[in-house]
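Written out below as structure tokens is the structure these notes cover.
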Amino acid sequence: MSKKDQQVDAEYDLVVVGSGASGKSAALTAAQAGLKVVLLEKMPETGGTSVYAEGTGAFESSEQKARKAPAHPGKHFPTREEGFRRYTDYSHHRANPDVVRMQVNNTAETIDIYKSLGITYTDVNIYAYDQPNELYTFHRPEGLGAKCQEVLLKAVQNAGVDIFTSTPAKKIVMENGAVTGVIAKDSAGNTMHIACRAVILASGGFGDNPELVKKYSWLYRSADFTYKCVPSENTGDGLKMALEVGADTLNLGAIMIIACARGKTLTSHVSGAGSQPVLWVNNTGCRFASEEVAMSFADTGNEMAKQPEGVVYAIIDSDTVRHLMEEGSDIGLGDFIEYHMKLTHLQTELDQDVEAGIAWKGNTIEALAKAVGLDPKTLSQTVAEYNEACDKKHDPLFFKPAKFLRPVRKAPFYAINMAPSVLVSDGGIRVNGDLQVTDKNYKPIPGLYAVGNEASGLFGDTYNLDVPGTANGFAHASGRVAARHVIKTLKAVETPELVAAT
């Protein structure tokens, strides 16, 4: 920032924008190396969406090596090579190999760092136990993401990082093509001019900005009908600031979506029931997919989001209610709805939701259809065809596995209003393997970095649940790698002879 043109209120080596896992990891790494660091957070508290993370994806970690093999017979912990190939193949080769390599080579360190901070890992597993394609990368810590972010924050504070909450960054300042500062608004609404030598954007992407979701993602037809089941404020601040200074994008429209009962949380037993591989129909009253897709929340989110107005109804009967309450869920949703967990509150919640008008009940399928607002004839035909498939243990429409074919016959019948919920965006600012932001000519913009959900490179068009814990693993790893490049670059400027000698 040019002091002759602009008043400088504070000077730092590094400004980190955003205080989730990626931002705090970057700030901690830089501060421990002796850099003067400030962390800007627009919310009143730090944390970001990382507080909702259940596990961290990692390859060849100390926890995997100590366990030698997963608890499930015939399974193994993946190598970094397997991870590299899975990310590349799943993205249909749209992933940036340099970013993928960064991920698989640096995630194991995250586990050791958290262990040094007092975190204990209860297991290394997969997200959905019936999902055959998942790699065993899901490191589940005691206290989950909330506890991890708590201990990481303490480490950042102890390292001497200045943290300004309720202080959104508004503009990146450039001089001669390089970053020289940030303009922000403090908690009182005053403009702050912060001089710095590097900026790391870690503000979480644009998943909470419907206008940007409509503009950049395939979700434009149903973006206005999504339901927010996790409170967050990832509104694209970093993306907009980066584009203003010449950044380019890559795989910009990738969105992580999860299905949730509208008006409910992910731990709701009604939401858990609707997320099982039960009968699903859209607002035409027809099926649209093999409901076994429920085993992957990312793919389920895609299926539901592409339906007219993002509307899906899970149709269950009283036998299914009893089954879920007494025998447990058929699939798991991580720690939200555990595998074979008994949904003991389901009937009570259903009754409350029917009373509130956010679920529906009918003593016949026709009555249920009328209550929901669906065509009774169409829904009746759909249910009849589905029940026939259940009887024959063969689904001729979508080839749903027989073990998930549960008929809808015993009254009363219920309809749960499922909705796509955008958790985060997964593609945005293009970066290289050092997390430097690149311009339209693929050249790094000096001093500018993007990490976590701000950065592109791991995904094609869909979040990769084949490698569970990917987003959280990427947040930590990318934050550290970006900070280390800042450290190396600044030391090279200060002591070029020493750096050259080493």
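Since this is a predicted model, take the numbers as computed values, not measurements.
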What's the shortest heavy-atom distance between [X] and [Y], and which atoms?
{"X": "L135", "Y": "P78", "result": "CB-CG, 3.9 Å"}
{"X": "M256", "Y": "A471", "result": "CE-CB, 4.0 Å"}
{"X": "N209", "Y": "T235", "result": "ND2-O, 3.0 Å"}
{"X": "I183", "Y": "H193", "result": "CG1-ND1, 3.8 Å"}
{"X": "Q103", "Y": "F474", "result": "OE1-CA, 3.1 Å"}
{"X": "I429", "Y": "A247", "result": "CG2-CB, 4.4 Å"}

Look up atom [atom1] in [X] and atom [atom2] in [Y], then write down how far apart they are to the nearest 0.5 Å.
{"X": "F84", "Y": "T79", "atom1": "CZ", "atom2": "OG1", "answer": "12.0 Å"}
{"X": "F297", "Y": "L266", "atom1": "CZ", "atom2": "CG", "answer": "9.0 Å"}
{"X": "S329", "Y": "H340", "atom1": "OG", "atom2": "NE2", "answer": "6.5 Å"}
{"X": "L435", "Y": "L448", "atom1": "CG", "atom2": "CG", "answer": "11.0 Å"}
{"X": "T226", "Y": "K214", "atom1": "OG1", "atom2": "NZ", "answer": "10.0 Å"}
{"X": "D434", "Y": "T489", "atom1": "CG", "atom2": "OG1", "answer": "8.0 Å"}

[X] side chain to [Y] backbone, donor-acceptor under 3.5 Å:
{"X": "K42", "Y": "D237", "answer": "no"}
{"X": "S478", "Y": "V451", "answer": "no"}
{"X": "Q307", "Y": "M304", "answer": "no"}
{"X": "S421", "Y": "C229", "answer": "yes"}
{"X": "E142", "Y": "T120", "answer": "no"}
{"X": "S271", "Y": "S268", "answer": "no"}
{"X": "E54", "Y": "D335", "answer": "yes"}
{"X": "T300", "Y": "V293", "answer": "yes"}
{"X": "T56", "Y": "H139", "answer": "no"}
{"X": "E309", "Y": "F225", "answer": "no"}

Are [X] and [Y] packed together at the side-chain level, in the sense that at least one heavy-atom pair is separated by less than 4.5 angstrom?
{"X": "N251", "Y": "F459", "value": "no"}
{"X": "Q436", "Y": "I445", "value": "no"}
{"X": "L423", "Y": "Y463", "value": "no"}
{"X": "D461", "Y": "R94", "value": "yes"}
{"X": "D162", "Y": "Y12", "value": "yes"}
{"X": "M418", "Y": "Y227", "value": "no"}
{"X": "F59", "Y": "T137", "value": "yes"}
{"X": "S296", "Y": "E134", "value": "no"}

Parallel, tilted or perpendicular: which fits the ring planes of Y136 and F77, with parallel below 30° and perpendicular above 60°?
perpendicular

Are [X] and [Y] ion-paired here, with the side-chain N under 4.0 Å from a carboxylate O?
{"X": "E150", "Y": "K147", "value": "yes"}
{"X": "D13", "Y": "R197", "value": "yes"}
{"X": "E109", "Y": "R484", "value": "yes"}
{"X": "K115", "Y": "E63", "value": "yes"}
{"X": "R85", "Y": "E81", "value": "yes"}

Tell me whether the count of non-hydrogen atoms from other residues, nucleotides or ligands lying under 6.0 Å of [atom1] in [X] goes above 12.
{"X": "N176", "atom1": "CG", "answer": "no"}
{"X": "H93", "atom1": "NE2", "answer": "yes"}
{"X": "K154", "atom1": "NZ", "answer": "no"}

Taking atom types as modelled, find out whether [X] and [Y] have a side-chain donor-acceptor pair closer than 3.5 angstrom.
{"X": "D208", "Y": "S232", "answer": "yes"}
{"X": "N453", "Y": "S425", "answer": "no"}
{"X": "T191", "Y": "K185", "answer": "yes"}
{"X": "N432", "Y": "T438", "answer": "no"}

In residues 18-30, what donor-acceptor pairs under 3.5 Å come from side-chain atoms, sequence neighbours left out?
| from | atom 1 | to | atom 2 | distance (Å) |
| --- | --- | --- | --- | --- |
| S19 | OG | E41 | OE1 | 2.6 |
| S19 | OG | G47 | N | 3.3 |
| K24 | NZ | S19 | O | 2.6 |
| K24 | NZ | Q149 | OE1 | 2.7 |
| S25 | OG | A21 | O | 2.7 |
| T29 | OG1 | S25 | O | 2.8 |

Positive for side-chain contact (heavy atoms from CB on, under 4.5 Å) with L40, one of V199, D186, T167, T165
T167

Apply side-chain contact (heavy atoms from CB on, under 4.5 Å) to the pair I163 and L153, showing each step before the final yes or no.
CA-CA 10 Å; I163 302 175; L153 175 60; 3.7 Å; yes

Using the rule given for ring-ring contact (aromatic ring centres under 6.0 Å, His included), can you reason through H476 versus Y114, listing the C-alpha separation, both sets of side-chain angles and the distance that settles it, and then say yes or no?
CA-CA 10 Å; H476 292 90; Y114 270 126; 5.1 Å; yes

